[in-house]
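Structure, as structure tokens:
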Amino acid sequence: MTVRRAAILTLGAAALAAAPPVALAATRAKTRTVSVNDNYYGPSKLIVHVGDTVRWRWSQDATDVHDVDLKSAPKGVRKFQPDPLAAGQTFSRRLTRPGTYRIICTFHESEMRMTITVKRRP
């Protein structure tokens with residue numbers, strides 16, 4: 001029984017050693033950073049994958065207060081709008097549903113907009 005267990009453990013360890021790089025590469029979520037500047041998001045269009053996190057980072061040079069208001073999203077996504085933030089602060093959100101997310105700053109709605117497209121992982 002000891003020899004059999006050792007053989008099973010050895011085969012199992014070999015399988016695990018070979019599998020993680022492939023499995024992790026396919027499911028590794030990323031964090032993408034959006035710069036929040038005076039009256040624009042940079043970039044204003046972003047493509048990410050399901051499970052990725054978007055981090056909005058207020059520029060140190062930003063003198064105005066801004067927010068990140070989710071105006072529309074795929075069905076079932078909870079709306080979000082953090083309190084207004086200023087220079088040096090951040091807000092993050094993990095996006096878990098594929099589709100189009102439309103974001104505005106409620107203080108600068110006509111000029112400060114962005115679109116995030118969330119795609120399924122290949």
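In what follows, residues are counted from 1 in the order of the sequence shown. Basis for what follows: all heavy atoms, side chains included, without hydrogens, waters or symmetry-related copies.
Atom CD1 of Ile47 and atom NZ of Lys119 lie 4.5 Å apart (nearest 0.5 Å). Rounded to the nearest 0.5 Å, atoms CZ (Arg94) and CZ (Arg55) are 14.5 Å apart. Between Glu109 atom CD and Asp67 atom CG the span is 9.5 Å, to the nearest 0.5 Å. Rounding to the nearest 0.5 angstrom, the gap separating the SG atom in Cys105 from the CD atom in Gln81 is 9.0 Å. Asp38 contributes atom CG, which lies 9.5 Å from atom CD of Glu111 (distance to the nearest 0.5 angstrom).
When all heavy atoms of Val118 and Tyr101 are compared, the pair lying nearest together is CG2-CE1, 3.3 Å. When every heavy atom of Ile116 is checked against every heavy atom of Trp56, the shortest pair comes out as CD1-CZ2, 3.8 Å. Nearest heavy-atom pair, Ser72 versus Leu70, reported as atom, atom and distance to 0.1 Å: O-CD1, 3.3 Å. Minimum interatomic distance between Ser59 and Ser35 (heavy atoms only, all atoms of both residues): CB-OG, 4.4 Å. Of all the heavy atoms in Trp58 and Leu85, the pair that sits closest is NE1-O, 3.1 Å. Considering all non-hydrogen atoms of both residues, Met114 and Val34 come closest at CE-CG2, 3.9 Å.
Proximity of a side-chain donor or acceptor of Arg57 to a complementary backbone N or O of Val36 within less than 3.5 Å is not detected. No donor-acceptor pair under 3.5 Å is formed between the side chain of Tyr41 and the backbone N or O of Ile103. The backbone N or O of Ala86 lies less than 3.5 Å from a partner atom in the side chain of Gln89, making a donor-acceptor pair. Judged by distance alone, the side chain of Asp69 and the main-chain N or O of Ile104 form no donor-acceptor pair under 3.5 Å.
When each of Leu95, Asp52, Thr115, Val54 is paired with Leu46, the side-chain contact (heavy atoms from CB on, under 4.5 Å) condition holds for Val54 and for no other.
Put simply, the side chain of His66 reaches to within 4.5 Å of the side chain of Met112, judged on heavy atoms. Residues Pro98 and His49 fail the side-chain proximity criterion, which asks for heavy atoms closer than 4.5 Å. For the pair Asp64/His108, a side-chain contact is recorded, criterion being any heavy-atom separation below 4.5 Å from C-beta on.
Atom NZ of Lys45 has 12 or fewer heavy atoms from other residues, nucleotides or ligands within 6.0 Å.
Under the 4.5 Å side-chain heavy-atom criterion for ILVMFWY residues, no single connected hydrophobic cluster contains both Val65 and Val68.
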